[in-house]
S.K.: 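The structure under discussion is supplied below as structure tokens; questions concerning it will follow.
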Amino acid sequence: MPRRPLRVTGAPEDPLRAALGALRTELGVPDGFPPEVLAEAERTARAPRTPSYDATDIPFFTIDPPDSTDLDQAMHLSRQGTGYRVRYAIADVAAFVTPGGPLDAETHRRVMTLYFPDERVPLHPPALGEAAASLLPDGPRPAVLWTIDLDADARTLAVDVRRALVRSRARLDYAWVQRQIDEGRAEEPVALLKTIGLLRERLELERGGISLNVPEQEIVPRDGGYGLEYRAPLPADGWNAQISLLTGMAAADLMLAHGTGILRTLPAAPDGAVGRLRRTAHALRIDWPHHVSYADLVRSLDPHRPHHAAFLLECTTLLRGAGYTVFRDGALPPLTTHSAVAAAYTHCTAPLRRLADRYTGELCLAAVSGDAPPDWVLAALDGLPAEMAAGARRAGAVERESVNVVEAAVLAGRVGEVFDACVVDTDERHPTTGTVQLTTPAVIGRVDGDHLPLGEHLRVRLTEADPTRARVRFAPA
């Protein structure tokens with residue numbers, strides 16, 4: 001998922017959609033797949049490499065947004081003695097992609113699925129990413145099957161990973177799962193999502209980790225212009241995320257024990273970034289006493305409240321230092337942890353949408369079997385961090401510029417109006433330029449003025465709001 005989900009409604013000829021289309025052209029986003037890539041995808045979709053282990057008797061289910069078709073994960077949850085068993089099937093993309101072939105090269109060019117407010121640009125052709133490799137409930141699929149046994153407190157006891165043929169029985173969405181659980185009508189494999197999710201959230205608190213319940217922003221036509229609304233995540237979103245986090249932590253531990261792997265790492269946030277976040281809280285009139293930690297503040301927020309939702313979106317800025325760290329032959333890197341997870345962690349649960357996860361799956365399979373990783377994995381390993389960083393920069397540009405386009409569209413037609421705001425950042429090289437966070441609507445924009453009191457409230461006048469240029473500018477009123 002993108003760090004800052006945005007969704008726009010409206011007709012294809014809508015001016016905002018036109019601006020987003022122009023943005024895709026400007027950013028050089030891939031437009032369709034080359035013929036040879038489509039041909040390979042169609043061919044392998046008909047004849048993937050099939051695993052020998054048959055797990056189709058396990059009634060897996062998926063939980064995704066209602067309109068999703070690229071389903072990376074399916075799960076089955078059960079009780080195991082006094083504890084629990086998590087079976088987590090991950091789409092086996094390597095069963096369809098031939099190393100060194102046109103499809104493989106195209107995925108290395110794209111690196112990850114890109115999310116625009118009005119559409120997504122996929123990592124894999126639809127014949128794979130939305131059909132043959134996706135864990136849809138229309139037939140057996142090859143998967144990387146994780147079996148994780150937990151104790152009564154949901155601490156990990158044992159981990160197994162193997163290739164398997166699986167079959168999803170049900171395609172569920174978050175709202176349906178939440179209703180079933182809340183009304184006490186969920187069958188045990190679904191009801192245990194809450195039980196295990198809450199236990200894992202308790203362990204996250206214990207180790208000092210934090211999960212951001214980032215709301216989705218929806219841009220809706222309103223009174224001839226646009227309005228900005230938030231959709232707060234459901235508790236089921238968070239419980240589902242805990243299963244993915246559990247698997248990512250188990251994968252990191254396997255690779256660290258085996259001596260070769262790739263981790264998702266994040267150092268502690270620098271003081272400057274936290275300071276900027278405090279000014280944003282001040283702008284949004286969120287009380288953040290100095291004795292309250294960042295983690296405790298985030299846990300106290302209600303994503304249903306627009307100002308809290310806006311602040312949670314800004315909290316994603318503390319994730320910008322995350323990267324991928326490769327290690328080989330037992331030589332562990334200086335940093336092996338992800339500060340937000342507060343543990344060793346890796347990406348392994350979204351191979352349909354993220355290139356690195358295909359490689360992580362292979363490394364974990366090798367770690368469990370005791371075999372050396374495949375040559376094609378080792379050959380690509382050292383280059384993966386740079387490839388993923390480049391892909392993340394492009395995804396970040398898509399996210400950042402999409403937000404700029406959307407916010408400009410929300411404010412279009414209001415040039416000359418005055419808003420309450422707070423200066424959350426200033427440019428040291430250009431002291432007359434800074435960044436303001438509006439109180440209402442929760443929009444961020446550039447401000448130009450002679451006196452920009454960092455962290456202080458001020459009134460600003462909108463001087464420019466141009467979706468076609470993705471620009472919002474203010475001046476002190």
Side-chain angles (χ1 to χ4, degrees), residues 53-64 71-91 135 137 143-164 166-174 176-211 213 233-254 257 341-346 348-350 361 364-365 367-368:
Y53 181 69
D54 190 334
T56 54
D57 60 319
I58 302 171
F60 286 100
F61 58 90
T62 59
I63 309 176
D64 290 275
L71 311 185
D72 285 289
Q73 315 103 12
M75 74 175 75
H76 181 266
L77 309 175
S78 60
R79 296 187 182 275
Q80 179 80 359
T82 59
Y84 309 93
R85 171 164 286 181
V86 174
R87 291 188 179 98
Y88 207 40
I90 307 300
L135 300 182
V144 176
L145 176 57
W146 291 78
T147 302
I148 305 176
D149 288 337
L150 308 173
D151 68 13
D153 296 320
R155 299 180 191 275
T156 301
L157 293 175
V159 178
D160 180 68
V161 191
R162 62 179 66 190
R163 282 198 153 87
V166 304
R167 186 186 185 102
S168 173
R169 298 295 203 279
R171 180 179 172 186
L172 311 180
D173 64 70
Y174 293 105
W176 186 90
V177 168
Q178 191 68 57
R179 284 196 306 273
Q180 293 291 305
I181 291 175
D182 289 347
E183 295 169 6
R185 296 190 288 116
E187 296 182 2
E188 183 175 83
V190 174
L192 285 175
L193 181 67
K194 177 179 180 180
T195 304
I196 297 171
L198 289 175
L199 289 170
R200 293 299 303 181
E201 286 177 352
R202 186 182 304 169
L203 293 175
E204 180 179 71
L205 175 63
E206 180 183 296
R207 69 176 184 267
I210 185 167
S211 293
N213 294 318
L234 297 168
D237 292 68
W239 305 330
N240 188 59
Q242 287 296 328
I243 303 299
S244 180
L245 282 168
L246 166 68
T247 309
M249 293 165 65
D253 289 342
L254 280 177
V341 180
Y345 170 71
T346 195
C348 65
T349 63
C364 291
L365 288 164
V368 168

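All residue numbers refer to positions in the sequence shown, counting from 1.
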S.K.: Hey, does the side chain of Asn240 reach the backbone of Asp237 with a donor-acceptor pair shorter than 3.5 angstrom?
M.R.: no
S.K.: Would you name the heavy atoms of Asp153 and Leu203 that are closest together and state the gap between them?
M.R.: O-CD1, 3.4 Å
S.K.: If you compare all heavy atoms of Gly208 against all heavy atoms of Ala342, which two are closest, and at what distance to 0.1 Å?
M.R.: C-CB, 3.7 Å
S.K.: Under the 3.5 angstrom rule, does the side chain of Gln180 hit a backbone N or O of Val190 as a donor-acceptor pair?
M.R.: no
S.K.: What pairs of residues pass the salt bridge (charged side-chain N to carboxylate O under 4.0 Å, His left out) test when at least one of them lies in residues 189-210, not counting sequence neighbours?
M.R.: Arg155-Glu206
S.K.: Compare every heavy atom of Ala89 with every heavy atom of Ala143, then report the nearest pair and how far apart it is.
M.R.: CB-CB, 4.0 Å
S.K.: For Asp253, enumerate each residue passing the side-chain hydrogen bond (donor to acceptor under 3.5 Å, both in side chains) test, keeping only those at least two apart in sequence or located in another chain.
M.R.: none
S.K.: Indicate whether the side chain of Thr349 and that of Thr247 have a donor and an acceptor atom separated by less than 3.5 Å.
M.R.: no
S.K.: Could you pull out all residues at least two apart from Pro189 that satisfy side-chain contact (heavy atoms from CB on, under 4.5 Å)?
M.R.: Phe61, His76, Glu187
S.K.: Taking side-chain contact (heavy atoms from CB on, under 4.5 Å) as the test, write out the residues that go with Asp54, two or more places apart.
M.R.: Thr56
S.K.: side-chain hydrogen bond (donor to acceptor under 3.5 Å, both in side chains) with Arg171: which residues, sequence neighbours excluded?
M.R.: none
S.K.: Which pair of non-hydrogen atoms, one from Asp72 and one from Ala350, has the smallest distance, and what is that distance?
M.R.: OD1-C, 3.3 Å
S.K.: Could you walk me through whether Leu254 and Val368 satisfy the side chain to side chain contact (heavy atoms under 4.5 Å, CB included) test, starting with their C-alpha distance in whole Å, then the side-chain angles of each, then the deciding distance to 0.1 Å, before giving a yes or no?
M.R.: CA-CA 7 Å; Leu254 280 177; Val368 168; 3.8 Å; yes
S.K.: Salt bridge (charged side-chain N to carboxylate O under 4.0 Å, His left out): which pairs involve residues 76-90, sequence neighbours left out?
M.R.: Arg79-Glu188, Arg85-Asp149
